[in-house]
Visitor: 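First the structure, then my questions, so here it is.
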There are 2 protein chains.
Amino acid sequence: MTVSKMSDIDQPKRVPPMEAAPEYAALQMGELSELLGYSLKRAQLKVFEDFLRCMAPLQLTPAQFSVLLLLDHNPGRNQTEIANTLGILRPNFVAMLDALESRDLLTRMRSPNDRRSHVLTLTDKGGATLTRAKKLVATKHEARLIELLGPANHVALLGMLAIIAQDF
Amino acid sequence: MTVSKMSDIDQPKRVPPMEAAPEYAALQMGELSELLGYSLKRAQLKVFEDFLRCMAPLQLTPAQFSVLLLLDHNPGRNQTEIANTLGILRPNFVAMLDALESRDLLTRMRSPNDRRSHVLTLTDKGGATLTRAKKLVATKHEARLIELLGPANHVALLGMLAIIAQDF
DNA sequence: CCAATTTGATATGCTTTATAACGATTATAG
DNA sequence: CTATAATCGTTATAAAGCATATCAAATTGG
(Lines give C-alpha, C1' and ligand atoms only; values in the text may rest on other atoms or scores of the structure.)
Protein backbone atom coordinates (compact mmCIF):
# COMPACT_ATOMS: atom_id res chain seq x y z
CA MET A 1 0.00 0.00 0.00
CA THR A 2 1.32 3.40 -0.92
CA VAL A 3 1.67 6.07 1.68
CA SER A 4 -0.86 8.74 0.89
CA LYS A 5 1.37 11.70 1.52
CA MET A 6 -0.38 14.84 0.36
CA SER A 7 2.82 16.77 -0.18
CA ASP A 8 1.63 20.20 -1.14
CA ILE A 9 4.09 22.82 -2.20
CA ASP A 10 4.98 25.18 0.58
CA GLN A 11 2.21 24.64 3.05
CA PRO A 12 3.18 24.79 6.72
CA LYS A 13 3.89 21.25 7.83
CA ARG A 14 1.84 21.13 10.98
CA VAL A 15 -1.36 23.05 11.34
CA PRO A 16 -2.60 22.59 14.89
CA PRO A 17 -6.03 21.01 14.95
CA MET A 18 -8.96 23.30 15.58
CA GLU A 19 -10.87 22.40 18.68
CA ALA A 20 -14.57 22.07 18.16
CA ALA A 21 -16.90 22.91 20.97
CA PRO A 22 -18.20 19.67 22.43
CA GLU A 23 -21.95 19.25 22.17
CA TYR A 24 -22.37 17.41 25.45
CA ALA A 25 -22.81 19.10 28.81
CA ALA A 26 -19.65 20.52 30.32
CA LEU A 27 -17.98 18.20 32.75
CA GLN A 28 -17.10 19.00 36.31
CA MET A 29 -13.38 19.65 36.42
CA GLY A 30 -13.13 19.11 40.17
CA GLU A 31 -9.74 19.71 41.75
CA LEU A 32 -8.20 19.50 38.30
CA SER A 33 -8.21 23.27 37.94
CA GLU A 34 -6.15 23.52 41.11
CA LEU A 35 -3.54 21.13 39.79
CA LEU A 36 -0.62 23.23 38.69
CA GLY A 37 0.79 20.54 36.44
CA TYR A 38 -2.46 20.26 34.53
CA SER A 39 -2.78 23.99 33.92
CA LEU A 40 0.91 24.21 33.09
CA LYS A 41 0.67 21.56 30.44
CA ARG A 42 -2.47 22.99 28.91
CA ALA A 43 -1.03 26.49 28.86
CA GLN A 44 2.24 25.27 27.39
CA LEU A 45 0.46 23.51 24.55
CA LYS A 46 -1.53 26.64 23.75
CA VAL A 47 1.55 28.83 23.81
CA PHE A 48 3.55 26.50 21.56
CA GLU A 49 0.59 26.29 19.21
CA ASP A 50 0.47 30.06 18.93
CA PHE A 51 4.23 30.21 18.55
CA LEU A 52 4.07 27.87 15.56
CA ARG A 53 1.26 29.91 14.06
CA CYS A 54 3.16 33.17 14.42
CA MET A 55 6.35 31.57 13.13
CA ALA A 56 4.72 29.82 10.19
CA PRO A 57 6.30 32.16 7.60
CA LEU A 58 9.76 31.19 8.83
CA GLN A 59 9.02 27.55 9.59
CA LEU A 60 10.81 27.53 12.93
CA THR A 61 9.79 25.40 15.88
CA PRO A 62 10.27 26.69 19.42
CA ALA A 63 13.28 24.41 19.84
CA GLN A 64 14.84 25.56 16.58
CA PHE A 65 14.29 29.18 17.49
CA SER A 66 15.95 28.63 20.85
CA VAL A 67 18.99 27.13 19.13
CA LEU A 68 19.39 30.09 16.78
CA LEU A 69 18.92 32.52 19.65
CA LEU A 70 21.50 30.75 21.78
CA LEU A 71 24.01 30.58 18.94
CA ASP A 72 23.63 34.28 18.33
CA HIS A 73 24.55 35.05 21.92
CA ASN A 74 27.22 32.36 22.22
CA PRO A 75 29.40 32.14 19.14
CA GLY A 76 32.13 29.54 19.04
CA ARG A 77 30.39 26.93 21.18
CA ASN A 78 30.19 23.28 20.28
CA GLN A 79 27.21 20.97 20.01
CA THR A 80 27.49 19.55 23.50
CA GLU A 81 27.48 22.96 25.15
CA ILE A 82 24.50 24.23 23.20
CA ALA A 83 22.54 21.03 23.59
CA ASN A 84 23.19 20.78 27.34
CA THR A 85 22.17 24.38 27.89
CA LEU A 86 18.87 23.76 26.14
CA GLY A 87 18.24 20.44 27.82
CA ILE A 88 18.57 18.57 24.55
CA LEU A 89 20.40 15.26 24.56
CA ARG A 90 23.38 15.14 22.26
CA PRO A 91 22.11 12.26 20.12
CA ASN A 92 18.85 14.07 19.49
CA PHE A 93 20.64 17.30 18.71
CA VAL A 94 22.37 15.83 15.67
CA ALA A 95 19.30 15.55 13.46
CA MET A 96 18.13 18.94 14.62
CA LEU A 97 21.39 20.53 13.50
CA ASP A 98 21.28 18.56 10.25
CA ALA A 99 17.95 20.20 9.48
CA LEU A 100 19.10 23.72 10.34
CA GLU A 101 22.40 23.29 8.51
CA SER A 102 20.67 21.95 5.41
CA ARG A 103 18.56 25.11 5.42
CA ASP A 104 21.78 27.13 5.56
CA LEU A 105 20.90 28.73 8.87
CA LEU A 106 24.06 27.61 10.66
CA THR A 107 27.37 25.88 10.00
CA ARG A 108 29.32 23.14 11.71
CA MET A 109 33.08 23.69 11.61
CA ARG A 110 35.70 21.40 13.10
CA SER A 111 37.38 23.26 15.91
CA PRO A 112 41.11 23.82 15.35
CA ASN A 113 41.72 23.55 19.11
CA ASP A 114 39.84 20.30 19.57
CA ARG A 115 39.16 18.48 16.37
CA ARG A 116 36.55 16.27 17.97
CA SER A 117 34.15 19.15 18.41
CA HIS A 118 32.14 21.21 15.98
CA VAL A 119 31.98 24.96 16.39
CA LEU A 120 28.47 26.14 15.63
CA THR A 121 27.98 29.46 13.92
CA LEU A 122 24.98 31.28 12.56
CA THR A 123 25.19 31.95 8.84
CA ASP A 124 24.15 35.30 7.42
CA LYS A 125 20.86 33.74 6.44
CA GLY A 126 20.57 32.32 9.93
CA GLY A 127 21.14 35.71 11.48
CA ALA A 128 18.63 37.36 9.18
CA THR A 129 16.10 34.64 9.90
CA LEU A 130 16.64 35.05 13.61
CA THR A 131 16.08 38.79 13.35
CA ARG A 132 12.81 38.24 11.51
CA ALA A 133 11.84 35.53 13.96
CA LYS A 134 12.49 37.71 17.01
CA LYS A 135 10.35 40.41 15.46
CA LEU A 136 7.52 37.98 14.81
CA VAL A 137 7.73 36.62 18.34
CA ALA A 138 7.72 40.07 19.90
CA THR A 139 4.99 41.65 17.80
CA LYS A 140 2.65 38.69 17.27
CA HIS A 141 3.30 36.11 19.95
CA GLU A 142 4.43 37.80 23.15
CA ALA A 143 2.40 40.91 22.41
CA ARG A 144 -0.75 38.86 22.40
CA LEU A 145 0.20 37.27 25.71
CA ILE A 146 0.96 40.62 27.29
CA GLU A 147 -2.36 41.92 26.08
CA LEU A 148 -4.12 38.96 27.61
CA LEU A 149 -2.40 39.08 31.00
CA GLY A 150 -1.31 42.66 31.35
CA PRO A 151 2.36 43.68 31.42
CA ALA A 152 2.80 43.34 35.20
CA ASN A 153 1.29 39.86 35.28
CA HIS A 154 3.32 38.85 32.28
CA VAL A 155 6.53 39.77 34.07
CA ALA A 156 5.39 38.09 37.26
CA LEU A 157 4.50 34.94 35.37
CA LEU A 158 7.91 34.80 33.71
CA GLY A 159 9.57 35.18 37.08
CA MET A 160 7.56 32.45 38.73
CA LEU A 161 8.11 30.02 35.88
CA ALA A 162 11.83 30.69 36.00
CA ILE A 163 11.85 29.95 39.70
CA ILE A 164 10.00 26.69 39.18
CA ALA A 165 12.22 25.72 36.26
CA GLN A 166 15.38 26.09 38.27
CA ASP A 167 14.55 25.59 41.95
CA PHE A 168 11.76 23.06 41.97
CA MET B 1 -11.64 30.32 40.78
CA THR B 2 -11.10 34.04 40.85
CA VAL B 3 -8.33 35.95 39.24
CA SER B 4 -9.42 39.32 40.51
CA LYS B 5 -6.41 39.68 42.77
CA MET B 6 -3.87 39.31 40.08
CA SER B 7 -2.75 42.90 40.38
CA ASP B 8 -1.27 42.52 43.83
CA ILE B 9 1.18 39.76 43.17
CA ASP B 10 4.30 39.57 45.21
CA GLN B 11 7.13 40.08 42.79
CA PRO B 12 9.51 37.14 42.68
CA LYS B 13 12.75 38.02 44.36
CA ARG B 14 14.99 37.74 41.35
CA VAL B 15 15.57 35.80 38.19
CA PRO B 16 19.03 34.26 38.37
CA PRO B 17 20.64 32.57 35.37
CA MET B 18 18.98 29.33 34.41
CA GLU B 19 20.56 25.98 35.08
CA ALA B 20 23.98 25.46 36.54
CA ALA B 21 26.68 22.87 37.13
CA PRO B 22 28.15 22.11 33.72
CA GLU B 23 31.93 22.44 33.75
CA TYR B 24 32.08 24.83 30.84
CA ALA B 25 31.39 28.54 31.22
CA ALA B 26 27.73 29.40 31.57
CA LEU B 27 26.17 30.38 28.29
CA GLN B 28 24.37 33.61 27.65
CA MET B 29 20.68 32.86 27.60
CA GLY B 30 19.83 36.05 25.74
CA GLU B 31 16.15 36.73 25.17
CA LEU B 32 15.42 33.09 25.92
CA SER B 33 14.57 33.86 29.54
CA GLU B 34 11.92 36.29 28.30
CA LEU B 35 10.33 33.66 26.10
CA LEU B 36 7.24 32.48 27.90
CA GLY B 37 7.04 29.26 25.94
CA TYR B 38 10.55 28.30 26.94
CA SER B 39 10.00 28.89 30.64
CA LEU B 40 6.62 27.22 30.46
CA LYS B 41 8.03 24.06 28.97
CA ARG B 42 10.91 23.91 31.41
CA ALA B 43 8.64 24.50 34.38
CA GLN B 44 6.14 21.94 33.16
CA LEU B 45 8.80 19.26 32.86
CA LYS B 46 10.00 19.95 36.39
CA VAL B 47 6.50 19.87 37.82
CA PHE B 48 5.61 16.61 36.08
CA GLU B 49 8.88 15.13 37.28
CA ASP B 50 8.04 16.01 40.85
CA PHE B 51 4.50 14.75 40.41
CA LEU B 52 5.79 11.36 39.33
CA ARG B 53 8.18 11.27 42.27
CA CYS B 54 5.45 12.09 44.77
CA MET B 55 3.07 9.62 43.13
CA ALA B 56 5.59 6.80 42.90
CA PRO B 57 3.93 4.71 45.64
CA LEU B 58 0.68 4.68 43.65
CA GLN B 59 2.23 4.47 40.19
CA LEU B 60 -0.04 7.09 38.66
CA THR B 61 1.00 9.42 35.86
CA PRO B 62 -0.42 12.94 35.71
CA ALA B 63 -2.72 11.87 32.89
CA GLN B 64 -3.96 8.82 34.78
CA PHE B 65 -4.56 10.88 37.89
CA SER B 66 -6.57 13.38 35.88
CA VAL B 67 -8.74 10.57 34.51
CA LEU B 68 -9.52 9.21 37.96
CA LEU B 69 -10.23 12.69 39.26
CA LEU B 70 -12.55 13.47 36.37
CA LEU B 71 -14.40 10.17 36.72
CA ASP B 72 -14.94 10.82 40.39
CA HIS B 73 -16.64 14.11 39.64
CA ASN B 74 -18.48 12.92 36.54
CA PRO B 75 -19.97 9.46 36.97
CA GLY B 76 -21.83 7.91 34.09
CA ARG B 77 -19.85 9.54 31.29
CA ASN B 78 -18.49 7.66 28.32
CA GLN B 79 -14.98 7.47 26.91
CA THR B 80 -15.43 10.18 24.33
CA GLU B 81 -16.66 12.71 26.85
CA ILE B 82 -13.86 12.06 29.32
CA ALA B 83 -11.19 11.97 26.63
CA ASN B 84 -12.37 15.16 24.97
CA THR B 85 -12.49 17.02 28.25
CA LEU B 86 -8.90 16.05 28.98
CA GLY B 87 -7.69 16.77 25.48
CA ILE B 88 -6.94 13.09 24.85
CA LEU B 89 -7.74 11.66 21.45
CA ARG B 90 -10.13 8.73 21.58
CA PRO B 91 -7.81 6.22 19.95
CA ASN B 92 -5.09 7.02 22.48
CA PHE B 93 -7.54 6.82 25.34
CA VAL B 94 -8.24 3.14 24.74
CA ALA B 95 -4.86 1.82 25.87
CA MET B 96 -4.90 4.20 28.80
CA LEU B 97 -8.24 2.82 29.98
CA ASP B 98 -7.03 -0.73 29.36
CA ALA B 99 -4.20 -0.10 31.80
CA LEU B 100 -6.40 1.45 34.47
CA GLU B 101 -9.09 -1.18 34.05
CA SER B 102 -6.56 -4.01 34.28
CA ARG B 103 -5.44 -2.52 37.58
CA ASP B 104 -9.06 -2.60 38.71
CA LEU B 105 -9.21 1.16 39.18
CA LEU B 106 -12.21 1.66 36.89
CA THR B 107 -14.76 -0.29 34.88
CA ARG B 108 -16.16 -0.04 31.38
CA MET B 109 -19.85 -0.91 31.16
CA ARG B 110 -21.96 -0.90 28.01
CA SER B 111 -24.54 1.82 28.35
CA PRO B 112 -28.15 0.53 28.28
CA ASN B 113 -29.24 3.75 26.59
CA ASP B 114 -26.66 3.67 23.84
CA ARG B 115 -24.96 0.34 23.47
CA ARG B 116 -22.18 1.82 21.41
CA SER B 117 -20.77 3.70 24.37
CA HIS B 118 -19.03 2.59 27.53
CA VAL B 119 -19.96 4.13 30.85
CA LEU B 120 -16.84 4.67 32.92
CA THR B 121 -17.00 4.22 36.66
CA LEU B 122 -14.42 4.27 39.40
CA THR B 123 -14.16 0.99 41.29
CA ASP B 124 -13.85 0.97 45.07
CA LYS B 125 -10.15 0.42 44.66
CA GLY B 126 -10.06 3.28 42.17
CA GLY B 127 -11.80 5.56 44.63
CA ALA B 128 -9.47 4.59 47.42
CA THR B 129 -6.45 5.06 45.19
CA LEU B 130 -7.73 8.47 44.15
CA THR B 131 -8.16 9.49 47.78
CA ARG B 132 -4.62 8.46 48.58
CA ALA B 133 -3.37 10.15 45.42
CA LYS B 134 -5.08 13.43 46.22
CA LYS B 135 -3.52 13.38 49.66
CA LEU B 136 -0.07 12.75 48.21
CA VAL B 137 -0.51 15.54 45.68
CA ALA B 138 -1.68 18.01 48.30
CA THR B 139 0.85 17.24 51.02
CA LYS B 140 3.93 16.48 48.95
CA HIS B 141 3.57 18.00 45.51
CA GLU B 142 1.50 21.15 45.75
CA ALA B 143 2.73 21.90 49.24
CA ARG B 144 6.28 22.09 47.96
CA LEU B 145 5.21 24.41 45.17
CA ILE B 146 3.35 26.67 47.55
CA GLU B 147 6.37 26.79 49.80
CA LEU B 148 8.55 27.77 46.87
CA LEU B 149 6.30 30.48 45.49
CA GLY B 150 4.27 31.59 48.44
CA PRO B 151 0.52 31.04 48.69
CA ALA B 152 -0.45 34.29 46.97
CA ASN B 153 1.85 33.68 44.04
CA HIS B 154 0.68 30.11 43.78
CA VAL B 155 -2.91 31.21 43.43
CA ALA B 156 -1.97 33.94 40.99
CA LEU B 157 0.03 31.50 38.91
CA LEU B 158 -2.88 29.07 38.71
CA GLY B 159 -5.14 31.89 37.62
CA MET B 160 -2.84 33.10 34.89
CA LEU B 161 -2.22 29.62 33.54
CA ALA B 162 -5.95 28.97 33.45
CA ILE B 163 -6.43 32.16 31.48
CA ILE B 164 -3.77 31.19 28.98
CA ALA B 165 -5.11 27.66 28.69
CA GLN B 166 -8.61 28.94 28.01
CA ASP B 167 -8.37 32.23 26.19
CA PHE B 168 -5.06 32.24 24.38
C1' DC C 1 52.99 5.18 25.53
C1' DC C 2 48.68 3.60 27.25
C1' DA C 3 44.27 3.94 29.55
C1' DA C 4 40.45 6.80 30.28
C1' DT C 5 37.56 10.43 28.71
C1' DT C 6 35.20 13.43 25.47
C1' DT C 7 32.84 14.58 21.00
C1' DG C 8 29.78 13.87 17.38
C1' DA C 9 27.27 10.29 15.47
C1' DT C 10 24.37 5.95 14.82
C1' DA C 11 21.16 2.71 16.18
C1' DT C 12 17.44 1.68 18.84
C1' DG C 13 13.45 1.74 21.93
C1' DC C 14 9.75 3.93 24.49
C1' DT C 15 6.22 7.30 24.98
C1' DT C 16 3.23 10.72 23.22
C1' DT C 17 0.43 12.47 19.72
C1' DA C 18 -2.04 12.28 15.42
C1' DT C 19 -4.92 10.23 11.41
C1' DA C 20 -7.47 6.72 8.81
C1' DA C 21 -10.49 3.13 8.87
C1' DC C 22 -13.54 -0.68 10.64
C1' DG C 23 -17.71 -3.11 12.94
C1' DA C 24 -21.44 -2.25 15.78
C1' DT C 25 -24.91 0.76 16.90
C1' DT C 26 -27.84 4.77 16.70
C1' DA C 27 -29.82 8.82 14.38
C1' DT C 28 -31.79 10.97 10.47
C1' DA C 29 -33.76 11.79 5.75
C1' DG C 30 -37.01 10.51 2.48
C1' DC D 1 -40.15 1.71 7.10
C1' DT D 2 -35.77 1.75 4.68
C1' DA D 3 -31.50 3.70 3.27
C1' DT D 4 -28.02 6.66 4.44
C1' DA D 5 -25.26 9.15 7.58
C1' DA D 6 -23.20 9.79 11.97
C1' DT D 7 -21.24 8.16 16.40
C1' DC D 8 -18.73 5.00 19.63
C1' DG D 9 -14.97 2.17 20.85
C1' DT D 10 -11.31 0.10 18.66
C1' DT D 11 -7.26 -1.19 15.72
C1' DA D 12 -3.49 -0.07 12.97
C1' DT D 13 -0.13 3.01 11.86
C1' DA D 14 3.00 6.87 11.61
C1' DA D 15 5.48 10.90 13.14
C1' DA D 16 7.77 13.31 17.05
C1' DG D 17 9.91 13.66 21.39
C1' DC D 18 12.91 11.66 24.65
C1' DA D 19 16.22 8.36 26.43
C1' DT D 20 20.19 4.79 26.51
C1' DA D 21 24.03 2.15 24.71
C1' DT D 22 27.69 2.15 21.71
C1' DC D 23 31.15 3.52 18.26
C1' DA D 24 35.35 5.83 15.96
C1' DA D 25 38.14 9.71 16.26
C1' DA D 26 40.44 12.84 19.08
C1' DT D 27 42.13 14.46 23.39
C1' DT D 28 43.77 14.11 28.09
C1' DG D 29 46.25 12.35 32.04
C1' DG D 30 49.15 9.24 34.29
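Each chain gets a letter, A, B and so on, in the order its sequence line appears, and its residues count up from 1.
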Visitor: Without placing hydrogens or testing angles, list every side-chain donor-acceptor pair under 3.5 Å for residues 60-71 of chain B, not counting sequence neighbours.
Guide:
residue: Thr61(B); atom: OG1; partner: Gln64(B); partner atom: N; Å: 3.1
residue: Thr61(B); atom: OG1; partner: Gln64(B); partner atom: OE1; Å: 3.4
residue: Gln64(B); atom: OE1; partner: Thr61(B); partner atom: N; Å: 3.0
residue: Ser66(B); atom: OG; partner: Ala63(B); partner atom: O; Å: 2.6

Visitor: Are there more than 12 heavy atoms of other residues, nucleotides or ligands under 6.0 Å from atom CZ of Arg132(A)?
Guide: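 Count not over threshold, so no.
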
Visitor: From Asp72(A) CG over to Leu130(A) CG, what is the distance, rounded to the nearest 0.5 angstrom?
Guide: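 These two atoms lie 5.0 Å from each other.
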
Visitor: Hey, is CG on Asp167(A) packed in by over 12 heavy atoms from elsewhere, all under 6.0 Å?
Guide: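 Counting other residues, nucleotides and ligands, CG of Asp167(A) exceeds 12 neighbours.
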
Visitor: Closest approach to the side chain of His118(B), judged atom by atom: which nucleotide of dG8(C), dC8(D), dT10(D) is it?
Guide: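 So the side chain of His118(B) is nearest to dT10(D).
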
Visitor: For Arg108(B) and dC8(D), give me the distance from atom CZ to atom P, rounded to whole Å.
Guide: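 Atom-to-atom, Arg108(B) to dC8(D), this comes out as 16 Å.
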
Visitor: Just the rounded figure in Å: distance from P of dG17(D) to CD of Gln44(B).
Guide: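 It is 14 Å, rounded to the nearest whole Å.
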
Visitor: OP1, OP2 of dT26(C) versus side-chain N and O of Arg110(B): anything below 4.0 Å?
Guide: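 Arg110(B) to dT26(C) OP1/OP2: no side-chain N or O under 4.0 Å.
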
Visitor: Using heavy atoms to find the nearest nucleotide of DNA chain C for Leu89(B) and Asn113(B) separately, return the residue whose nucleotide is more 5′.
Guide: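 It is Leu89(B) whose nearest nucleotide is closer to the 5' end.
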
Visitor: Atom CZ of Arg116(B) to atom P of dT25(C): distance rounded to whole Å?
Guide: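 The answer, rounded to whole Å, is 10 Å.
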
Visitor: Separation of Leu45(A) atom CG from dT17(C) atom P, in whole Å?
Guide: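 Going from Leu45(A) (CG) to dT17(C) (P), I get 7 Å.
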
Visitor: Tell me which residues in residues 70-81 of chain B put a heavy atom below 4.0 Å from DNA chain D, sorted by number, or none.
Guide: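 The answer is Asn78(B), Gln79(B), Thr80(B).
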
Visitor: Measure the distance from CG on Asp114(B) to P on dA6(D) and round it to the nearest whole Å.
Guide: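 These atoms are roughly 17 Å apart.
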
Visitor: Can you tell me how far P of dA16(D) sits from CD1 of Ile88(A), to the nearest Å?
Guide: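 My rounded result for the distance is 16 Å.
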
Visitor: Within less than 4.0 Å of OP1 or OP2 of dT7(D), is there a side-chain N or O belonging to Arg115(B)?
Guide: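 No, Arg115(B) has no side-chain N/O under 4.0 Å of OP1/OP2 on dT7(D).
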
Visitor: Do Leu120(A) and Arg108(A) have side chains that get closer than 4.5 Å, going by heavy atoms?
Guide: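 Yes. Closest side-chain heavy atoms under 4.5 Å.
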
Visitor: Mind listing the residues from residues 90-97 of chain A sitting with a heavy atom below 4.0 Å of DNA chain C? Number order is fine.
Guide: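 By residue number: Pro91(A), Val94(A).
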
Visitor: So Tyr38(B) and Leu161(A), do their side chains get closer than 4.5 Å, heavy atoms only?
Guide: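 Heavy-atom side-chain distance check fails, nothing below 4.5 Å.
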
Visitor: Measure the distance from CG on Asp98(A) to C1' on dG8(C) and round it to the nearest whole Å.
Guide: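 Between C1' of dG8(C) and CG of Asp98(A): 11 Å.
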
Visitor: Looking at Lys41(B), I'd like to know whether one of its side-chain N or O atoms comes within less than 4.0 Å of OP1 or OP2 on dG17(D).
Guide: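 For dG17(D), OP1/OP2 do not have a side-chain N/O of Lys41(B) under 4.0 Å.
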
Visitor: Decide whether Leu45(B) and Leu35(A) are clustered together by the hydrophobic rule: side chain heavy atoms of Ile, Leu, Val, Met, Phe, Trp, Tyr closer than 4.5 Å, transitively.
Guide: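 They do not share one cluster, since no chain of ILVMFWY contacts under 4.5 Å joins Leu45(B) to Leu35(A).
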
Visitor: Ignoring hydrogens and angles, tell me if any N or O in the side chain of Thr123(B) forms a donor-acceptor pair with the backbone of Asp104(B) under 3.5 Å.
Guide: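 Looks like yes, one N/O pair under 3.5 Å.
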
Visitor: Just verifying a value: how many Å separate Lys134(A) NZ and Leu58(A) CG, rounded to the nearest 0.5 Å?
Guide: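 Reported value, rounded in 0.5 Å steps: 13.0 Å.
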
Visitor: Rounded to whole angstroms, how far apart are CE on Met109(B) and P on dG9(D)?
Guide: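 Distance, rounded to whole Å: 13 Å.
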
